[in-house]
Amino acid sequence: MTAFAFLQSFQIVPQQQSRQSDSEDTAAADMTSIADFYAGRTLFLTGATGFMGKVLLEKLLRSCPAIYRIYVLIRPKRGCSVPSRLSEVLETKLFSTLKETDPDFHKKVIPIVGDILEPDLGLSPSDFERLSSEVSIVFHSAATVKFDEPLKLSVQMNVIGVSRLLELCHKMIRIEALVHVSTAYANCDRSVVSETIYPAPLLPKKIINAVEWMDEEALNCVTRKLIEPRPNTYTFTKAIAESLIVEECGPLPCAIVRPSIVGASWQEPVQGWVDNFNGPSGLLAAIGKGMLRVMYGNFNGSADIIPVDVAVNLIIAAAWSTAIERFYREWNRVFDHFIPAWVMDIGLRMAGKKPILMRLQTKLWRSVSCLEYFTSRQWTFTNDNVTQLFGRMCADDQKEFNFDVRRIHWPTYLENYCIGVKCYALKEELSDLSNARLAVQRLILRRRFKWLLVLAVVVWFVRWRHRVVQFIWNRAFWTLLHVYSAIVSRIPKMINR
C-alpha cells in the first residue's frame, strides 16, 4: 500500500522570507511537544460528524488531554437536533478508550449550530463572536466526498464553504493555524504530483459566479466540459479550493493536508475501525458478501490507501508545525527588529531628536510582505529558445551580447552586488568598509547573545531545583562570559586585517 500526503504553510506575514537553516527549524520544533502545544487552547473543528472528523476529535481529546475546549460545527438534521447528533458521535465505540481514561471528556466538546452552505456558516451573532475571540486552531474537514455530486452542490460545499470559513478565520484575533483537509487526487490529471499548489483549472471566482447565476440543470449540461480532464466534481472542486486558499488566506497561517484514499484505522484507538462504506470499505464489504465478483482495474497497481489514524496524526502535527514556525518567525522579527528600533527611538527622544526607527521598520516589513509570495516559492522555467538563440550567435556576438547565465559565477556576482548597493544605492565610500564589517560582526554577536540569553533564562529556572544543574550553570555562565569577552576583544584585530 502507498500513501501520499501534502503539508505546506502558506503564510503571508511573515512567511519564511529569509530561509531558516536546518538548525533553526529544529530549534523551533523543539520549543514544545505537540501535546504541550495544544494545552489550554481552544479549537474549532468542522466535519466532526464525518469519518475523519470523528477520529480527529477523538485523537485530540485522548492525546492532548489539556486542551481547554473544542467547538464543533454541526448542522441540524430533520428530526435530530445538534446536541443529539453530537451525542451520537461521542457514544460510538471509537470513544470507548477515551471514556476509560477521561469519563468527562465530553464537557470539553461544545456543539455550534451552523452550516457551511449558509452565509457566515449559519452562525448566530453570539457564536460568531465567541469563535472570533476564543479560537486559536482551526481544522476544516467538512466537505462532500461524493464523486458524482452535482457540480452546484459540490462547489457550494467544497469551494464556497472554504471561502466562508476563511472569512471567519480572518476575524479570529487569536488564530495561530488553519489546517484544510484536501485530497491527494486534487491534481489527479498529473501523473506526478508535487507538494505544491498547481494552477486552478478555473479561477475560483469565476466558478463561484457561474454557480450563483446558473441553474442546476444548465450546470449539469456543461459539467463534463468544465471539469475535464478530471474525472469527477469532487477532485475538481478540491483543486479549486486549494487555489482559493492561496488567494484569500492573506496573513492567515495556513496548512493544506492531502491524504489519499482514507481507510480504516491502523493502530488507534482500535485497529480496523471504520463506520462507513465509502471507498475501499464498500468494495471489501461487497466482495466479502459475494455481491461483487468482477471489476476493472490495474492488477499490478498500488492501492493508495492511508489509514485514517495516520492521516489524522499528520493533520494535528500540521497545525502544530504551522503555529510553531509562525511563532518563531514573529518572535525573531520582534526581538531582532522592533525591540532594538524601539530602544533606539527612546535614545533619540532622550537626545532631543525625532524618533524614526520604528517607523522605518514598519515601512520595511510592509515592503517585505509584498515580496513574500515570491521569496517563499520556487519555480522551474524552461529557456530552450533562449539557449538556441545564443547558439546561433557568432563568438564575437556571444562575447559582446552575452546573456548566458551559465557563465555567471554567482558568489562573485553577489559580492559585487552587495558592494554596488553600498556604493551606488546607499552612496557610501568603500573606505568605510571596516566600519561595515564591524557592524556585521555586531549583528552576529547580537544574535548569538540573544540565544545565550534564552538559554540562560531556561537554565535559571531549572537550576534552583537541582544542585548539579546549579553547579553546571555557574561554571557554564562564567565560561560563556569569558568566551564572549574574548570574542569582543578580537573584533578590532579581525577588522584591521
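What's counted below: heavy atoms across the whole structure, side chains too, no hydrogens, waters or symmetry copies. Along the sequence shown, the residues carry numbers beginning at 1.
Using a distance-only test at 3.5 Å, with no hydrogens or angles considered, a donor-acceptor pair links the side chain of Asp309 to the main chain of Trp266. Formation of a donor-acceptor pair under 3.5 Å by the Asp215 side chain with backbone atoms of Ala218 is found in this model. Here the side chain of Asn232 pairs a donor or acceptor atom with the backbone of Thr235 at under 3.5 angstrom. The backbone N or O of Val89 lies less than 3.5 Å from a partner atom in the side chain of Thr92, making a donor-acceptor pair. Looking only at distances, no side-chain donor or acceptor of Thr322 sits under 3.5 Å from a matching main-chain atom of Ala319. A donor-acceptor pair under 3.5 Å is absent between the side-chain atoms of His106 and the main chain of Ser87, judged by distance alone. For the pair Thr46 (side chain) and Ala142 (backbone), a donor-acceptor distance under 3.5 Å is present.
When the salt bridge (Lys or Arg N to Asp or Glu O under 4.0 Å) test is applied to Arg69, the partners found at least two apart in sequence or on another chain are Glu134. Residues meeting the side-chain hydrogen bond (donor to acceptor under 3.5 Å, both in side chains) test with Ser63, sequence neighbours left out: Lys59. Residues that satisfy the side-chain hydrogen bond (donor to acceptor under 3.5 Å, both in side chains) test with Ser281, not counting sequence neighbours, are absent from this structure. In this structure Arg41 satisfies the side-chain hydrogen bond (donor to acceptor under 3.5 Å, both in side chains) test together with Glu176, sequence neighbours excluded. With sequence neighbours excluded, no residue satisfies side-chain hydrogen bond (donor to acceptor under 3.5 Å, both in side chains) with Asp102.
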Test log, rule side chain to side chain contact (heavy atoms under 4.5 Å, CB included), inputs Glu228 and Arg224: CA-CA 6 Å; Glu228 286 181 351; Arg224 178 52 53 190; 4.1 Å; yes
What verdict does the side chain to side chain donor-acceptor pair (under 3.5 Å) test give for Thr196 and Ser194, after you've listed the backbone C-alpha separation in whole Å, the side-chain angles of each residue and the deciding distance to 0.1 Å? CA-CA 5 Å; Thr196 187; Ser194 301; over 6 Å; no
Take Trp273 and Phe51, measure what side chain to side chain contact (heavy atoms under 4.5 Å, CB included) needs, and give me the verdict at the end. CA-CA 10 Å; Trp273 186 85; Phe51 175 47; 3.4 Å; yes
Test ring-ring contact (aromatic ring centres under 6.0 Å, His included) on Phe95 and Phe105 and set out the steps. CA-CA 10 Å; Phe95 292 84; Phe105 74 91; 5.7 Å; yes
Taking it one step at a time, do Glu100 and Arg62 satisfy salt bridge (Lys or Arg N to Asp or Glu O under 4.0 Å)? CA-CA 10 Å; Glu100 297 175 0; Arg62 177 167 50 86; over 6 Å; no
Verdict with reasoning, Ile256 to Ile197, per side chain to side chain contact (heavy atoms under 4.5 Å, CB included): CA-CA 10 Å; Ile256 295 177; Ile197 297 297; 3.8 Å; yes
Decide yes or no on side chain to side chain contact (heavy atoms under 4.5 Å, CB included) for Ile208 and Val159, but give the supporting numbers first. CA-CA 8 Å; Ile208 291 174; Val159 180; 3.9 Å; yes
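Looking at heavy atoms from C-beta onward, Met52 lies in side-chain contact with Val312 at the 4.5 angstrom threshold. With a 4.5 Å cut-off on side-chain heavy atoms, Ile261 and Ile306 do not count as touching. Taking 4.5 Å as the limit, some side-chain heavy atom of His170 sits within range of a side-chain heavy atom of Pro251. Residues Val257 and Val179 form a side-chain contact, since some pair of their non-hydrogen atoms from C-beta on lies under 4.5 Å apart. Using a 4.5 Å cut-off on side-chain heavy atoms (C-beta onward), Val274 and Val308 make no contact. Using a 4.5 Å cut-off on side-chain heavy atoms (C-beta onward), Val162 and Ile240 make no contact. In this structure, Glu88 and Thr49 have side chains that are not in contact, with every pair of non-hydrogen atoms separated by 4.5 Å or more. Side-chain contact check for Glu118 versus Arg75: every heavy-atom pair is 4.5 Å or farther apart.
One finds no salt bridge joining Glu212 and Lys205 here, because no Lys/Arg side-chain nitrogen approaches an Asp/Glu carboxylate oxygen to under 4.0 Å. A salt bridge is absent between Asp120 and Arg164: the closest approach of a Lys/Arg side-chain nitrogen to an acidic carboxylate oxygen does not fall below 4.0 angstrom. Salt-bridge annotation for Glu129 and Lys171: absent, with no side-chain N of the basic residue lying under 4.0 Å from a carboxylate O of the acidic one. Salt bridge Asp148/Lys146: absent, no basic N to carboxylate O contact under 4.0 Å.
For Ala143 against Asn158, the heavy-atom pair with the smallest separation is CB-OD1, 3.2 Å. What you find for Pro269 and Thr97 is that their closest heavy atoms are O-OG1, 4.1 Å. Taking every heavy atom of both residues into account, Ala48 and Leu45 meet most closely at CB-CD2, 3.9 Å. Taking all atoms of both residues into account, the shortest heavy-atom contact from Asn187 to Val193 is O-CG2, 3.6 Å. When all heavy atoms of Ala184 and Arg258 are compared, the closest pair comes out as N-CB, 3.7 Å. In terms of heavy atoms, Ile137 sits closest to Tyr38 at CG2-CE2, 4.3 Å.
Checking Val310, Val55, Val181, Leu60 one by one against Ile315, the side chain to side chain contact (heavy atoms under 4.5 Å, CB included) holds for a single residue, Val181.
Pairs of residues two or more places apart, or lying in two chains, that qualify as ring-ring contact (aromatic ring centres under 6.0 Å, His included) and include a residue from residues 173-202 are His140-His180.
A distance of 3.5 Å separates CD of Glu242 from OG of Ser182, quoted to the nearest 0.5 Å. Here the CD1-CD1 distance, from Ile70 to Ile112, works out to 12.5 Å after rounding to the nearest 0.5 Å. Separation of atoms SG (Cys169) and CG (Leu252) is listed at 6.0 Å; rounding is to 0.5 Å. Residue Ser81 holds its OG atom at 9.5 Å from CD1 of Ile74, rounded to the nearest 0.5 Å. Atoms CG and CD1, on Leu117 and Ile160 in that order, are 8.5 Å from each other to the nearest 0.5 Å. Remark: Cys188 SG to Tyr234 OH distance equals 10.5 Å, nearest 0.5 Å.
There is no side-chain donor-acceptor pair under 3.5 Å between Gln271 and Ser265. Judged by distance alone, the side chains of Thr233 and Glu149 never bring a donor and an acceptor atom under 3.5 Å apart. Defined by atom type and a distance below 3.5 Å, a donor-acceptor pair is present between the side-chain atoms of Thr237 and Ser154.
Here the two rings, on Phe44 and Tyr71, have centers that are 6.0 Å apart or farther.
Around the NZ atom of Lys206, the shell of radius 6.0 Å holds no more than 12 heavy atoms that belong to other residues, nucleotides or ligands.
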